[in-house]
Amino acid sequence: MLTLASKLKREDGLKGSRTSAAASDSTRRVSVRDRLLVKEVAELEANLPCTCKVHFPDPNKLHCFQLTVTPDEGYYQGGKFQFETEVPDAYNMVPPKVKCLTRIWHPNITETGEICLSLLREHSIDGTGWAPTRTLKDLLNFDDPLNIEAAEHHLRDKEDFRNKVGDYIKHYAR
């Protein structure tokens, strides 16, 4: 699956044999981000729970991928939720950008798809924000509140919250 890995091997093989301009023109430099992603994507795929699937629209662009989550328990059971992830050039110094493409009623996600996880912030007061030591696998933790209305709704009336989540699943997450 990791077609970028063959690109990395080809570049390594050409390092010692760059004798012509054609060789250097035909081989583009592979960024630090892409070198990290070859390893991290393999690790991410190996650690995904069975309720998650990763999809790369272009296998040569490991920095843009989609994650489909189909929970098999809890409030969101029966829904199918799409997330889009873009890993910036400055990765691993800055966090990936993640957006929920499926409309959802969730304390951590706005109805327009913005996600608030301490982990996705470059700087956070609680010290749990992004750090160069983090990897894509760390994105699998979704325990950080955001949507105040949804959070208050959950605290105020769990049954009505469950019903609203169910309505959203019926309308948007099938």
Check: Thr102 and Val69 side chains under 4.5 Å, non-hydrogen atoms: no
For the student: nearest non-hydrogen atoms of Pro57 and Cys64, plus distance: CD-O, 3.8 Å
Same apolar cluster: Val32 and Val41, side chain cutoff 4.5 Å: yes
Asp34 vs Leu62, side-chain contact (heavy atoms from CB on, under 4.5 Å): CA-CA, chis, key distance, verdict: CA-CA 7 Å; Asp34 288 345; Leu62 297 181; 5.6 Å; no
Polar contact flag, side-chain donor to acceptor under 3.5 angstrom, Gln82-Thr68: yes
His171 side-chain N/O to Asp167 backbone N/O, donor-acceptor pair under 3.5 Å: yes
Evaluation steps, side-chain contact (heavy atoms from CB on, under 4.5 Å), between Lys39 and Leu37: CA-CA 5 Å; Lys39 178 183 174 205; Leu37 287 178; over 6 Å; no
Val54 vs Glu45 side-chain heavy atoms within contact, under 4.5 Å: yes
For Pro96 against Pro88, the heavy-atom pair lying closest together: CA-CD, 3.8 Å
Atom pair CD1 (Ile104) and OG1 (Thr110), whose distance is rounded to the nearest 0.5 Å: 10.5 Å
Reported NZ-to-CD1 distance for the pair Lys97 and Ile115, which is rounded to 0.5 angstrom: 13.0 Å
Any donor-acceptor pair under 3.5 Å from Thr70 side chain to Thr51 backbone: yes
Flag for His154-Tyr75: side-chain donor and acceptor within less than 3.5 Å: yes
Under 3.5 Å side-chain donor-acceptor pair for Glu111 and Tyr172: no
Atom NZ of Lys158 with >12 non-hydrogen neighbours under 6.0 angstrom: yes
Residue pair Phe65, Val87: steps toward the side-chain contact (heavy atoms from CB on, under 4.5 Å) verdict: CA-CA 9 Å; Phe65 61 91; Val87 181; 4.3 Å; yes
Interatomic distance, Glu114 atom CD to Asn147 atom CG [nearest 0.5 angstrom]: 10.5 Å
Minimum-distance pair of heavy atoms, taken over all atoms of Ala150 and Trp105: CA-CZ2, 3.5 Å
Euclidean distance, His63 NE2 relative to Asp58 CG, rounded to 0.5 Å: 8.5 Å
Residue pair Tyr168, Arg103: steps toward the side-chain contact (heavy atoms from CB on, under 4.5 Å) verdict: CA-CA 7 Å; Tyr168 271 62; Arg103 194 165 172 197; 3.8 Å; yes
Within 6.0 Å of NZ in Lys164, more than 12 heavy atoms from elsewhere: yes
Geometric class of the Tyr76/Phe161 ring pair [parallel <30°, tilted 30-60°, perpendicular >60°]: perpendicular
Arg174 vs Ile169 side-chain heavy atoms within contact, under 4.5 Å: yes
Point-to-point distance, once rounded to the nearest 0.5 Å, from CD of Glu40 to CG of Asn92: 7.0 Å
Euclidean distance, Thr85 OG1 relative to Phe56 CZ, rounded to 0.5 Å: 9.0 Å
